[in-house]
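A short worksheet on the structure shown next.
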There are 2 protein chains.
Amino acid sequence: MGDKMTQETKEAVEKILTDYLERNKHRKTSERFAILNEIYSHNGHFDIEGLYVMMKNKKYRVSRATLYNNIELLLEAGLVIKHQFGKNLAQFEKAYKFKQHDHLICSDCEKVFEFCDPRIMQIQKMAEDMLNFDVFHHSLNFFAKCRILKQNGVCEHKKSVVK
Amino acid sequence: MGDKMTQETKEAVEKILTDYLERNKHRKTSERFAILNEIYSHNGHFDIEGLYVMMKNKKYRVSRATLYNNIELLLEAGLVIKHQFGKNLAQFEKAYKFKQHDHLICSDCEKVFEFCDPRIMQIQKMAEDMLNFDVFHHSLNFFAKCRILKQNGVCEHKKSVVK
DNA sequence: AAATAAAAAATTAACGTTAATTTTCTATTC
DNA sequence: GAATAGAAAATTAACGTTAATTTTTTATTT
């Protein structure tokens, strides 16, 4: 799980956060940079409770409310992305330097798969022009049943992408 | 709000529910048909609390838990669709005979706009074949900023589609 | 450096939803 | 039609998240 990020990434995301905080006249607290670092040294999806446990297991003293508040801030700064995969539990992932992708969720085992398709951008452009909006984020989820499961009665996609 | 549905629609959706209940060996309770009727005599999006209030204002005695449980059942029967527009409050809408559409959400005023694009089906087909799944539902949301608001500082899209 | 005002963190309470438990009702058998 | 077992409805408790309040910290002024 704990995956050390490159020094460049660390500096780049800290710079983005610093700029965002200065631009919006927010304070540069130690908690904010600790949370950012924790998130960026982790791969794949995570939820708030998981992040809380991860940080508790290390030196950090941080409350859940601070995580909820600051993940919102990181969301606005474009440093994390939020997902709602049907369930009533929000999942997050880091956003910096990660190429755009969407998700397909297995309705039997809840595993999440990623895929890319450039046509989503064409749809986005159509919607923007038709409704006169500028899209800053999109979310596309497919909820699906495994074809193998239908045939064999077992749900075993070894090549799960995330979670 | 309260919009009388045609007799044909009423019969059709009741038939779908009856068949679904029989097929899955569930009971045909009065609550289930009351909830279905209430949902189908309403246009646009709604949440559980709103449905609860609507039914309380009429003759019906029904608990919130029953609404939560049965909306899940109607979801499985393909009679309603569930949306999560970023906020932590689920929105629903009837599914029978309503053509496929997706949503764009204004980040300033939370209004929801609908649009259609056939290309989403091509993306779906691609994902299905690549990952070997059969998609039974998708959700595509664009989160966007109003161009007029950016220019004039006011957020007033009169032609809002839903809610 | 001390005093201060404002902002953020922590704590607590509230809300929407889900899960567990109890009560009521359905529908089947006698 | 009465008795019964199982299912669904209602109630209650728990969970994830958001909002409100209190405490702590930041950073600015003196």
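What's counted below: heavy atoms across the whole structure, side chains too, no hydrogens, waters or symmetry copies. Every chain is numbered from 1, with letters handed out A, B, ... down the list of sequences.
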(message) Measure CZ/B:F92 against P/C:dT17 and give the value in whole Å, please.
(response) 7 Å
(message) Any non-hydrogen side-chain atom of B:F133 less than 4.5 Å from a side-chain atom of A:C146?
(response) yes
(request) To the nearest Å, give me how far apart CD (A:Q84) and C1' (D:dT17) are. (result) 10 Å
(request) Calculate the interatomic distance between A:E76 atom CD and C:dA8 atom P; express it in whole Å. (result) 12 Å
(message) Does A:F113 form a ring-ring contact (aromatic ring centres under 6.0 Å, His included) with A:H103? I'd like the steps, not just the answer.
(response) CA-CA 6 Å; A:F113 299 80; A:H103 298 99; over 10 Å; no
(message) Could you tell me how far apart B:H26 (NE2) and C:dT26 (C1') are, to the nearest whole angstrom?
(response) 14 Å
(request) Check the surroundings of atom NZ in B:K125: do more than 12 heavy atoms from other residues, nucleotides or ligands lie under 6.0 Å from it? (result) no
(message) Return a single string for nucleotides 9-14 of chain D, one symbol per nucleotide in 5' to 3' order, where B is base contact, S is sugar-phosphate-only contact and - is none, cutoff 4.0 angstrom on heavy atoms.
(response) SBB---
(request) Would you mind reading off the distance between A:K25 atom NZ and D:dT28 atom P, rounded to a whole angstrom? (result) 11 Å
(request) Take atom CG of A:L89 and atom P of C:dG16, then tell me their distance rounded to the nearest Å. (result) 19 Å
(request) Nearest-nucleotide wise, let me know which of B:K82 and B:K28 is further upstream toward the 5' end of DNA chain C. (result) B:K82
(request) Would you kindly give the CD1-to-P distance between A:I48 and C:dA9, to the nearest whole Å? (result) 14 Å
(message) Taking the nucleotide of DNA chain D with the nearest heavy atom to each, does B:R27 or A:E72 sit closer to the 5' end?
(response) B:R27
(request) Would you indicate, yes or no, if D:dT17 has its OP1 or OP2 atom less than 4.0 angstrom from a side-chain nitrogen or oxygen of A:Y68? (result) yes
(message) Could you tell me how far apart B:I71 (CD1) and C:dG16 (P) are, to the nearest whole angstrom?
(response) 16 Å
(message) I'd like to know if the side chain of B:E14 pairs up with that of B:N37 as donor and acceptor (distance under 3.5 Å, no hydrogens or angles considered).
(response) yes
(request) List in chain and number order the residues that pass ring pair (Phe, Tyr, Trp, His ring centres under 6.0 Å) with B:F115, two or more places apart in sequence or in another chain; answer none if no residue qualifies. (result) B:F142
(request) Step through the shown structure and confirm whether more than 12 heavy atoms of other residues, nucleotides or ligands are within 6.0 Å of NZ on B:K56. (result) yes
(message) Angle between ring planes, B:H45 versus B:H83, binned at 30° and 60°: parallel, tilted or perpendicular?
(response) tilted
